[in-house]
Number of protein chains: 2
Amino acid sequence: MTERKLEILSIAQSLFKDNGYTATSMRDIAKAANVEPASLYSHINGKEELLDTTCFSMAEKFINGIAEVNDIYFDAAQKLKMAVDTHVGILATNLNAAIVFQRDWRHLSDDRKAAFIVLRNQYEEGMRVIVQNGIDEGLFNEVDVKFATLTLLSSLNWIVEWYDAEGRLTPAEIAENLYNFVLTGLKK
Amino acid sequence: MTERKLEILSIAQSLFKDNGYTATSMRDIAKAANVEPASLYSHINGKEELLDTTCFSMAEKFINGIAEVNDIYFDAAQKLKMAVDTHVGILATNLNAAIVFQRDWRHLSDDRKAAFIVLRNQYEEGMRVIVQNGIDEGLFNEVDVKFATLTLLSSLNWIVEWYDAEGRLTPAEIAENLYNFVLTGLKK
DNA sequence: TGTCATAACGAACATTCGTTAGGCAAATAT
DNA sequence: ATATTTGCCTAACGAATGTTCGTTATGACA
């Protein structure tokens with residue numbers, strides 16, 4: 001990937017984040033890149049490539065992250081902590097792309113969307129395994145695994161909606177807060 | 001609101017849910033309503049009215065819900081339980097509209113979007129008050145209120161992404177699961 | 001019977017969409 | 001020095017966009 005292509009991708013992600021993929025035109029992207037619309041096609045094959053690259057490169061990061069966690073750590077609580085940490089880290093260091101990844105994957109072509117969903121399920125399964133491990137090891141309550149994982153993931157995913165790099169909490173603090181919350185709950 | 005107008009609104013919400021507001025054309029809506037595109041304008045003022053009505057009618061439901069909860073119940077744990085129950089109930093009985101409400105409010109006009117965000121913050125504040133009450137009453141841990149509420153809301157909001165009316169869990173069961181999870185956490 | 005409202009129609013509007021074709025100057029490679 | 005590639009340009013393409021227009025069939029009500 002050329003430097004210029006990466007630049008264009010980054011510009012596109014920023015616009016997609018603000019207005020959504022569908023509501024962002026190639027002309028918008030061109031203007032933001034200080035270039036005529038047609039010039040974009042010297043670098044990319046089309047608009048969907050920008051979405052496709054964003055979605056799949058993010059999916060790859062998440063899947064590699066959970067694979068690594070499952071490789072390195074043994075204890076389920078440790079795994080969970082690291083999985084949360086990794087997830088938040090990926091979101092925070094690729095915020096624009098993460099938002100696009102989360103909101104706009106629906107606009108992939110049917111083929112690519114199907115491929116994307118496979119990866120998404122793969123990641124969810126990785127998380128489920130950690131929760132199940134915790135139960136098997138006697139560390140976690142015997143919760144509904146599917147439901148608990150979904151709830152955990154929802155909290156992780158929603159972070160992009162309010163995370164602010166200049167905000168009060170660092171990614172590490174967010175991860176720790178979330179881990180503690182998911183582990184111990186509200187009740188005193 | 002005429003019956004026919006409601007019908008069109010419902011059709012539009014179903015299409016918005018599947019393809020998003022921006023990627024759904026008036027011609028799509030017309031086709032689904034078995035009508036020529038121009039005929040839609042006998043019932044509505046324009047495309048945005050469909051989005052506007054959806055977003056604000058849902059916001060109203062949520063705000064009324066939390067106001068009622070705060071009126072009727074006293075104990076924070078009870079309030080939280082009922083707030084979760086009400087939230088899930090609203091989602092489940094207005095699933096299409098809820099999805100549009102959640103994903104597409106960004107495409108409201110600037111004025112309306114600002115008004116919408118005010119309502120959204122109002123609802124979040126209502127939730128925060130409940131959590132804060134719980135802490136003050138000594139029922140809840142002294143968590144970061146803002147963070148905890150955001151996490152709770154994220155779990156509530158994400159439900160629309162996987163809820164299936166024909167699925168394993170009823171809305172009441174989902175609410176109960178979620179309440180228990182948020183209250184007691186994973187740890188044994 | 002005459003008047004009005006409703007809900008639909010076909011045709012057209014200006015605009016925007018993603019994309020392609022062809023060319024041209026500067027940088028790079030041979 | 002010459003050839004090739006790169007990065008951008010202007011111009012244009014066909015298709016799709018939300019919406020407006022004037023009209024018409026239907027039926028309720030005076």
Side-chain angles (χ1 to χ4, degrees), chain A residues 1-56 96-97 100 103-113 116, chain B residues 1-56 100 103-113 116:
Chain A
M1 181 122 52
T2 323
E3 184 141 352
R4 186 77 177 117
K5 184 168 176 178
L6 257 172
E7 215 175 322
I8 289 171
L9 180 62
S10 171
I11 288 169
Q13 288 168 345
S14 175
L15 291 173
F16 292 165
K17 167 203 64 171
D18 288 333
N19 311 316
Y21 173 74
T22 317
T24 303
S25 71
M26 292 301 273
R27 285 166 178 82
D28 292 335
I29 299 170
K31 181 169 284 182
N34 279 314
V35 133
E36 293 301 312
S39 305
L40 296 173
Y41 291 83
S42 299
H43 303 276
I44 60 166
N45 292 324
K47 189 185 178 187
E48 181 163 343
E49 187 187 325
L50 294 166
L51 178 62
D52 193 283
T53 303
T54 302
C55 290
F56 280 88
N96 289 352
V100 175
R103 294 187 191 151
D104 284 325
W105 61 268
R106 280 167 244 270
H107 298 110
L108 289 167
S109 70
D110 286 349
D111 289 356
R112 298 298 284 161
K113 181 159 50 179
F116 178 86
Chain B
M1 181 123 53
T2 323
E3 184 140 354
R4 188 77 177 114
K5 184 169 177 177
L6 256 172
E7 215 175 322
I8 290 171
L9 180 61
S10 170
I11 289 170
Q13 288 168 346
S14 174
L15 293 173
F16 291 166
K17 166 203 64 172
D18 288 333
N19 311 317
Y21 172 74
T22 317
T24 303
S25 71
M26 292 300 273
R27 284 166 179 83
D28 292 335
I29 299 171
K31 181 168 282 183
N34 280 314
V35 134
E36 294 301 312
S39 306
L40 295 173
Y41 291 82
S42 298
H43 303 276
I44 58 166
N45 292 324
K47 190 185 179 188
E48 180 163 346
E49 186 187 327
L50 294 166
L51 178 61
D52 194 282
T53 303
T54 302
C55 290
F56 281 87
V100 175
R103 292 186 192 154
D104 283 326
W105 60 268
R106 282 168 241 271
H107 298 109
L108 290 168
S109 70
D110 286 349
D111 289 355
R112 299 298 284 161
K113 181 160 49 180
F116 178 85

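As the structure is a prediction and not an experimental result, all values here were calculated from the model. Each chain gets a letter, A, B and so on, in the order its sequence line appears, and its residues count up from 1.
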Rounded to whole Å, NZ of K31(B) lies from P of dC9(C) at a distance of 13 Å

Contact check, residues 37-45 of chain A vs DNA chain D, heavy-atom distance under 4.0 Å, returns A38(A), S39(A), S42(A), H43(A)

query: Across the strands shown, which category fits E36(B) at heavy-atom distances under 4.0 angstrom: base, sugar-phosphate, nothing?
result: sugar-phosphate

Between K5(B) and I44(B), the two heavy atoms sitting closest are CE-CG2, 4.0 Å

inquiry  = Between S25(A) and dT16(C), is there a contact of a side-chain N or O with OP1 or OP2 at under 4.0 Å?
reply    = no

query: Can you tell if the side chain of T54(B) reaches within under 4.5 Å of the side chain of Y21(B), non-hydrogen atoms only?
result: no

Taking for R27(A) and for N34(A) the nucleotide of DNA chain D with the nearest heavy atom, the one nearer the 5' end belongs to N34(A)

To the nearest angstrom, the CD-C1' distance between E48(A) and dT19(C) comes to 14 Å

To the nearest angstrom, the CE-P distance between M26(B) and dG18(D) comes to 7 Å

When rounded to whole Å, the CD1 to C1' distance for the pair I29(B) and dA16(D) reads 15 Å

note: R4(A), atom CZ; dA27(C), atom P; distance rounded to Å ~ 16 Å

Do any N or O atoms from the side chain of H43(B) and from the backbone of L6(B) form a donor-acceptor pair under 3.5 angstrom? no

Ordered by number, residues from residues 5-23 of chain B within less than 4.0 Å of DNA chain D (heavy atoms) are none

Rounded to the nearest 0.5 Å, the CD atom of Q13(A) sits from the CG atom of L51(A) at a distance of 10.0 Å

* Side chains of F56(A) and R112(A) in contact at under 4.5 Å (non-hydrogen atoms) -> yes

Could you tell me whether a side-chain N or O of D28(B) sits under 3.5 Å from a main-chain N or O of S25(B), the two making a donor and an acceptor? yes

inquiry  = A side-chain contact here means heavy atoms from C-beta on lying under 4.5 Å apart; do L9(B) and M1(B) qualify?
reply    = yes

Open item on the list: Taking P37(B)'s backbone N and O only, do any of them form a donor-acceptor pair with R27(B)'s side chain (distance below 3.5 Å, no angle check)?
Closed with: no

Sorted by chain and residue number, the side chain to side chain donor-acceptor pair (under 3.5 Å) partners of S109(B) (sequence neighbours excluded) come out as E48(B)

